[in-house]
**Q** 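Pasting in a structure now, in structure tokens, and then I'll have a few things to ask.
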Amino acid sequence: MAAINDATILSPMTLSLALTSDPGATHAEKLLAWYDRHHRELPWRTSPAAAKAGKRADPYHVWLSEVMLQQTTVQAVKPYFEKFLARWPKVTDLAAAPSEDVMAAWAGLGYYARARNLKKCAEAVASEHGGIFPDTEEGLRALPGIGDYTSAAVAAIAFNRPSAVMDGNVERVISRLFAIDAPLPGSKPVMKAKVAALTPTDRPGDFAQAMMDLGATICTPKRPACALCPFRDDCLALSEHDPERFPVKAAKKAKPVRYGAAFVAVTDDGEILLRRRIESGLLGGMTEVPTTDWTARMDGGTTPDHAPFAGDWQPSGTIVHVFTHFELRLSVFRIRTVAQAINGGWWEPVTNLEAQALPTVMKKAITAAIPLAFTKSLN
DNA sequence: GAGTCGTGGGC
DNA sequence: TGCCCAAGACT
């Protein structure tokens with residue numbers, strides 16, 4: 001740094017263009033210069049060069065990606081995003097699709113209320129907005145499944161509105177930059193005001209994506225790469241030599257354990273008994289094998305006494321699945337039977353399980369009883 | 001404001 | 001291994 005500053009042949013203008021740590025530049029200028037060089041390339045994103053030329057990402061693509069990315073990693077989202085876009089190229093296609101198809105396509109991505117609201121939102125855009133997404137934060141915020149973050153993100157990224165976009169990445173960057181000691185989530189309004197003050201009217205969409213890229217690649221939860229950060233000369237947490245101390249968060253509660261049983265019935269024709277869960281609540285609207293209630297105590301619910309029909313149910317092991325707020329231990333039972341009418345259930349060929357809206361916990365239970373259920377060997 | 005709501009990966 | 005975390009929304 002000293003060697004460059006001492007180089008008299010470089011004019012101040014050249015210096016400001018060459019250095020991301022120009023002390024005279026604003027936070028936004030430093031960050032955008034960094035983003036121009038180090039942005040991630042993602043399927044739903046327009047490059048900063050194209051964005052500067054006036055090209056905007058498709059609002060449908062931005063919205064779809066943002067909903068999928070809620071509490072979900074980029075890596076997990078990529079194949080789902082491509083699959084949805086190939087199958088439903090326009091928001092009106094998604095609006096017209098059967099909800100069972102949408103739920104089945106979402107299976108495995110988690111937080112299934114997102115898929116239910118995704119469908120509702122597509123229908124609202126198609127029927128109430130002529131198939132065109134609202135182009136303001138307020139208009140977007142009124143749609144199902146679009147909250148504070150997503151409305152601001154779509155407004156900024158798709159419509160270049162100067163919205164204050166704050167997700168978990170931005171919270172981490174801001175809390176470190178200003179060394180905010182107050183714990184989340186109570187400190188959110190203070191952080192949001194900081195973001196609003198930093199957000200530029202020029203390139204607000206790139207600024208929002210740059211903040212998130214910075215949090216994802218440099219200002220990481222553990223071992224942040226502060227030497228590479230465009231805010232390294234401004235960061236109060238770094239000046240205190242402990243950036244990992246931020247963001248401060250409220251203590252978490254212990255995760256309780258619940259117990260239950262799952263029943264895998266298969267006919268000689270290779271059909272399995274399935275049910276559809278009620279629309280609301282845990283795994284709402286998704287497909288399942290019959291199970292007991294999931295209770296806090298290990299009691300009668302973990303024996304075949306509560307099977308969907310009487311018979312010679314065989315124990316097939318226990319599977320453990322960890323949800324957000326409890327751990328589930330399911331005793332799995334299997335039986336060979338003849339197809340019979342079951343109230344509220346249906347018999348599905350095991351070879352067609354991949355097309356079902358089966359959440360991961362149900363795939364685990366089925367696999368415990370039928371080890372090859374989800375392999376090509378049965379197809 | 002505090003609970004509810006999935007899943008897979010990293011360390 | 002157990003814990004934390006990931007582009008949060010809804011009630």
**Q** Tell me which pairs pass ring pair (Phe, Tyr, Trp, His ring centres under 6.0 Å) where either residue lies in residues 199-228 of chain A, with sequence neighbours left out.
**A**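 Residue pairs with at least one partner in residues 199-228 of chain A: there are none.
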**Q** Looking across every strand, which nucleic acid part, if any, lies under 4.0 Å from A/Lys222 by heavy atom: base, sugar-phosphate, or nothing?
**A** nothing
**Q** Write out all pairs satisfying ring pair (Phe, Tyr, Trp, His ring centres under 6.0 Å) with one or both partners inside residues 209-237 of chain A, taking only residues at least two apart or from two chains.
**A**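 Only A/His27-A/Phe231 qualify under ring pair (Phe, Tyr, Trp, His ring centres under 6.0 Å).
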**Q** I need the full list of salt bridge (charged side-chain N to carboxylate O under 4.0 Å, His left out) pairs touching residues 140-155 of chain A, with sequence neighbours left out, sorted by first then second residue.
**A** A/Arg141-A/Asp148
**Q** Report, as a single string ordered 5' to 3', how protein heavy atoms within less than 4.0 Å touch nucleotides 1-11 of chain B: B base, S sugar-phosphate only, - not at all.
**A** --SSBBBS---
**Q** Not counting sequence neighbours, list each pair that qualifies as a side chain to side chain donor-acceptor pair (under 3.5 Å) and has a residue in residues 183-192 of chain A.
**A**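 Side chain to side chain donor-acceptor pair (under 3.5 Å) check on residues 183-192 of chain A returns no pairs.
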**Q** At the 4.0 Å heavy-atom cut-off to chain A, mark where contacts on DNA chain C begin and end, going 5' to 3'.
**A**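 Contact boundaries, 5' end first: C/dC5 to C/dC10.
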**Q** Got a sec, which residues hit side chain to side chain donor-acceptor pair (under 3.5 Å) with A/Asp58, two or more places apart in sequence or on another chain?
**A** none
**Q** Looking at DNA chain C, which of residues 46-59 of chain A put a heavy atom within less than 4.0 Å of it?
**A**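 Nucleic-acid contacts, sorted: none.
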**Q** Contacts to DNA chain B from residues 135-148 of chain A, heavy-atom cutoff under 4.0 Å, which residues?
**A** none
**Q** Any side chain to side chain donor-acceptor pair (under 3.5 Å) involving residues 265-276 of chain A? Give me the pairs, sequence neighbours left out, ordered by first then second residue.
**A**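 Residue pairs with at least one partner in residues 265-276 of chain A: A/Asp268-A/Arg336, A/Arg275-A/Glu288, A/Arg276-A/Glu279.
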**Q** Just jot down the side-chain contact (heavy atoms from CB on, under 4.5 Å) partners of A/Ala50, sequence neighbours excluded, or say none.
**A**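 So A/Ala50 forms a side-chain contact (heavy atoms from CB on, under 4.5 Å) with A/Thr46, A/Ser47, A/Lys55.
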**Q** What residues in residues 82-104 of chain A put a non-hydrogen atom under 4.0 Å from any atom of DNA chain C?
**A**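 Here the set is empty: none.
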